[in-house]
J.: 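Here it is: the structure, laid out below.
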Amino acid sequence: MSVRLEDVWFAYPGVPTDVLAGVSLAVGQGESVAVMGPSGRGKSTLLGVAGLILKPRVGQVLIDGQACTPRDAPQLLGRRVGWVLQAVNLLPRRTVLDNVTVPLLAMGWRRREAREVACDRLVEVGLDPADDREARTLSGGEAQRVGVARALAPGPVVLIADEPTANLDARTAALVGRALFSAAKQTALLLATHDEALGALADRIVRIGEPPELADGS
Ligand SMILES: Nc1ncnc2c1ncn2[C@@H]1O[C@H](COP(=O)(O)OP(=O)(O)O)[C@@H](O)[C@H]1O
Ligand SMILES: [Mg+2]
C-alpha cells in the first residue's frame with residue numbers, strides 16, 4: 001500500500017475532543033480514494049495526517065510501507081508526498097512550464113530532464129507546455145491544472161488533494177477533476193471533497209462524520 005493510516009487518533013492542541021478517533025485507511029498505487037462528509041468533520045485533518053503535516057496522537061502513517069511523521073516532511077513533502085490545495089500558489093510572473101520546472105530544479109533535477117517531465121505532466125492535464133503566458137493571467141481552472149502537474153512532476157508515491165476544485169464553477173471543476181484523476185494514475189490519490197460528482201470519479205469513497213444510515217448512501 002502506498003499510504004496507510006493505522007488506527008489514527010488526532011486532537012488539536014488545547015481541544016479535548018478527538019477529530020479523528022481510530023481511523024484506518026489504505027490507498028494503493030494507482031488507486032484513488034475520496035474522503036467525503038460535511039464541513040468541519042475532519043476531512044482536512046485526515047489529509048493533514050496522511051500528508052505528514054499533522055502528527056497523530058496515537059497510531060501511525062506508513063508511506064510505501066515505512067512509518068513516517070511530520071519530522072520526515074522536509075525530505076518527503078513535494079517529492080514522495082505531493083499536495084494539491086484549494087488555492088494553488090503559482091509563481092505569478094513565470095510561465096506555465098516554469099511553474100512545473102522550477103521546483104524540480106530546486107530538488108536538483110537536471111534542466112533537460114525537468115523540462116521533459118514538466119512538459120509530459122502539463123500535456124496530461126490538458127495544458128500546452130509552450131503557452132508563454134504568465135501564470136497570473138491564467139484562469140482558475142488552468143491554474144489549478146498547473147498545480148496538479150506541478151504536484152505530480154516529481155513522481156510522488158502519494159498525492160493528497162484537499163478540495164482541489166472548491167474555488168471553481170461546476171463545469172471547470174469537472175474538467176479539473178477529470179484531469180486530476182487521469183494524470184494521477186501512477187500514484188495513490190487521497191482526495192477530500194464535498195463535490196459528489198468529483199468523489200464519484202474515485203475508486204472508493206470514504207465518508208466521515210456522517211451517521212451510518214447516510215454513510216451507506218441510502
Ligand atoms: N488548527 C485547528 N485548531 C483547532 N481546531 C481545529 C483546527 N483546524 C480544524 N479544527 C477543527 O477540527 C474539526 C475538523 O476540521 P477539518 O478537518 O478542517 O474539517 P473538514 O475539512 O471536514 O471541513 C473542526 O471542528 C475544526 O473546527
Ligand atoms: Mg477541509
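Computed from a predicted structure; not experimentally measured. For ligands, and for the atoms within them, numbers begin at 1 and follow the listed sequence.
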J.: Between W109 and V117, is any pair of side-chain heavy atoms under 4.5 Å apart?
T.: yes
J.: Any donor and acceptor pair, going by atom type alone, linking the side chain of Q60 with main-chain N or O of D7 inside 3.5 Å?
T.: no
J.: If we count only non-hydrogen protein atoms and require a distance under 4.0 Å, does atom 5 (N) of ligand 1 qualify as touching the protein?
T.: yes
J.: What atoms in ligand 1 come closer than 4.0 Å to a heavy atom of P38?
T.: 22 (O)
J.: Run the numbers for me: atoms of ligand 1, each under 4.0 Å from some heavy atom of K43, listed by number.
T.: 17 (O), 19 (O), 20 (P), 21 (O), 22 (O), 23 (O)
J.: Does a donor on one side chain and an acceptor on the other come within less than 3.5 Å for D162 and S44?
T.: yes
J.: One thing to verify: whether R145 and E142 come together as a salt bridge, which I'm taking to mean a side-chain N less than 4.0 angstrom from a carboxylate O.
T.: no
J.: Show the atoms of ligand 1 that are less than 4.0 angstrom away from any heavy atom in S44.
T.: 17 (O), 18 (O), 20 (P), 21 (O)
J.: For S39, counting its heavy atoms only, list the atoms of ligand 1 lying under 4.0 Å from any of them.
T.: 23 (O)
J.: What atoms of ligand 1 come closer than 4.0 angstrom to any heavy atom of G42?
T.: 14 (C), 16 (P), 17 (O), 19 (O), 20 (P), 22 (O)
J.: Is there a protein heavy atom less than 4.0 Å away from atom 9 (C) of ligand 1?
T.: yes
J.: Any donor and acceptor pair, going by atom type alone, linking the side chain of T95 with main-chain N or O of R133 inside 3.5 Å?
T.: no
J.: Quick one: look up the protein heavy atom nearest atom 23 (O) of ligand 1 and list residue, atom name and how far away it is.
T.: G40 N, 2.6 Å
J.: Short question: side chain of T172, backbone of G141 - any donor-acceptor pair under 3.5 Å?
T.: no
J.: Which protein non-hydrogen atom lies closest to atom 15 (O) of ligand 1, naming both residue and atom, and how far is it?
T.: T45 OG1, 3.8 Å
J.: Spell out, as yes or no, whether a donor-acceptor pair under 3.5 Å connects the side chain of T137 to the backbone of E134.
T.: yes
J.: Closer than 4.0 angstrom, basic N to acidic O: yes or no for E31 and R204?
T.: yes
J.: Assess the side chains of D98 and T101: does a donor N or O sit below 3.5 Å from an acceptor N or O?
T.: no
J.: Look at atom 2 (C) of ligand 1 and say which protein heavy atom is nearest, naming residue and atom and giving the distance to 0.1 Å.
T.: Y12 CD2, 3.3 Å
J.: So, the side chain of T165 versus the backbone of L168: is there a donor-acceptor pair under 3.5 Å, distance only?
T.: no
J.: Near the Mg ion (ligand 2), which protein N/O/S atoms fall under 2.8 Å?
T.: S44 OG
J.: With a 4.5 Å limit on heavy-atom distance, are the side chains of D203 and V33 in contact?
T.: no
